[in-house]
Amino acid sequence: MKCYICDTELTPENKTDEHIIINAAGGRLKSKELICKKCNSNFGEKIDSKLAKQLNFMANMLMIKRHRGKPQPIVGEKQSSGETYILEVGGKPKLAKPIIETNFDGEKTNISITARNEKELKKIIQGIAKKYPQVDVEQAIKYAQWRKEYFEEALHFQIKIGGNEVFRAVCKAAINFYIYSKGDPSQIKHLIPYIKGEKEKEVVWMHYEDDLYDLNSDEISHILHLVGKKDEQILYCYVDYFNTYKYMVLLNNNYQGQDIKKTYCFDLINTVPIEKEVRVDYDRKTLLDIFANKDPKPFEKVKKSFERSIALGLKRQDEHYRKELIERAIQNSLGKHPDGVPITEEMINEVIEEIIKNVTPYIVRRIKK
Ligand SMILES: [Zn+2]
């Protein structure tokens, strides 16, 4: 077995797990028989990271579990104030950085600080105290007020699909799947300079067509669908992340291998591979037309795909958040009693009261919407 990128023989020393669908997007399918450690790390840094960045919005929104690490927070902006917020996984916005405002009022200087936690606040006040020795750090912290607020306005995010490096990473995913499916490396050799960024090629394009497959109501999945047609000399792979980012990869238009048809679908909610019928079975002309007429028509379809995933993401976050509120309420009230104390009716009433106290602002916000 050789690394399909650099042709180095794969040995126990240079073997490594290559995720066929990037791990950052929750991909679990991997193989040690694709590429060497060096290529894995090179490509990881150069192109996979770009794809990961683009897919992160959805991974975060949908609270996707992954093998290593967590989805990265996304950064958004409040339009009224321009304040930058970080949206952690699970969706609670946090200030991206503390806000310090200084107002001069005659002899007096008013400094207002919005910090994200006590430690940060203390650091800021200590900094200020260096400049204004009259500031009493302990006293200032004592007067700080903690506030928890619900967002009443939308945060603005930038969402992108595609781009050169991302297309190359998508192409690599398709090649990964082809080699993983026992494909012949000589049939994709011409794509190596492309994925390395040494040569331009028009082999990846967005592919938003209706009815390519059916989805269960709450399903979010990744799909790879590989087709090789000996008679028509074509090899291609449909690559679909989160049922939202959809691409067609032309692996070879002079394909000399055997007929292949292989689908992989990974259910991201239940984290299991599932069966999926993908209705992509193009003949040569239909396939080549996709790349010949790169019509940016999919806007409405792209929008529809994103709307579905975002709605599902919000639903998941909502459920997660509600659960968390209730769990916190239970901890708050029962936590006051020593462990092992028999639970009394009074304690149960306390829990209920605490739950109502915690959940009310949330309900009020929902009604206001
Ligand atoms: Zn290699």
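All values reported here derive from a predicted model rather than from experimental measurement. We count ligands from 1, going down the list as the structure has it; atoms in each ligand are counted the same way. Residue indices begin at 1 and follow the sequence shown.
Here the protein contributes C3 SG, C6 SG, C36 SG, C39 SG as N, O or S atoms under 2.8 Å from the Zn ion (ligand 1).
Side-chain atoms of Y4 and I192, non-hydrogen and from C-beta on, do get closer than 4.5 Å to each other.
T286 and D283 share a donor-acceptor pair across their side chains, judged by distance under 3.5 Å alone. Residues S305 and N243 bring no donor and acceptor atom of their side chains to less than 3.5 Å of each other.
Under the 30°/60° scheme for interplanar angles, the aromatic rings of H207 and Y282 are found to stand perpendicular.
Applying the 6.0 Å contact sphere to CD of E9 captures more than 12 heavy atoms from other residues, nucleotides or ligands.
Aromatic pair F266/Y241: centroids not less than 6.0 angstrom apart.
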